[in-house]
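Here is the structure we will look at.
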Amino acid sequence: MAAAPQPGRRRRTRLYALTDGRTAASRHGLTMDTLITATDDAGHGHGSLPTEWREILTMCPAPNGRAVAEIAARMRMRLTPMVVLLGELLERGLIRHRPPLDASETSNVHLLMKIRDNLARL
């Protein structure tokens, strides 16, 4: 007998349905610290997208976006399925990705403090 859904928790789409059954990461080289931003047209006419896709697009507005690891944490999803899912969004042109920060950018103490504070809020 299946357990009743917990109050306040919505039913999520199965991962294999979101990723069309794919289990391999995309060829785009997304890593846990790759920054993801929704494209300008990502919010237009995509009401038929799965809830999880719309959630990702909403949480990654330009120009800053979010890191793959942060998106996975907020969605309570493991990193590998999240990379597969983001690869699908990338191939559909709904998101952009930017390589992680280079060494000169990570020496900025204020930026590191901002990252720490954002992770603490999770």
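Values reported hereafter were calculated over all heavy atoms of this structure, with side chains retained and with hydrogens, waters and symmetry mates removed.
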With rounding to the nearest 0.5 Å, note down the distance linking [atom1] in [X] to [atom2] in [Y].
| X | Y | atom1 | atom2 | value |
| --- | --- | --- | --- | --- |
| L86 | W53 | CG | CH2 | 10.5 Å |
| M77 | E55 | CE | CD | 8.5 Å |
| L119 | R116 | CG | CZ | 10.0 Å |

- prompt: Are T39 and L57 close enough, and set up right, to give a side chain to side chain contact (heavy atoms under 4.5 Å, CB included), and what steps lead you there?
  reply: CA-CA 8 Å; T39 59; L57 297 175; over 6 Å; no

- request: Tell me, please, which residues at least two apart from T34 pass side chain to side chain contact (heavy atoms under 4.5 Å, CB included).
  value: L30, T31, I36, V68, H97, P100

message: Run the side chain to side chain contact (heavy atoms under 4.5 Å, CB included) test against R66 and tell me which residues pass, sequence neighbours left out.
response: M59, C60, E70, I71, R74

field: Side-chain heavy-atom pair I95, T37 within 4.5 angstrom cut-off
entry: no

field: Residue pair A38 / R96: nearest heavy atoms and the distance that separates them
entry: O-NH1, 4.3 Å

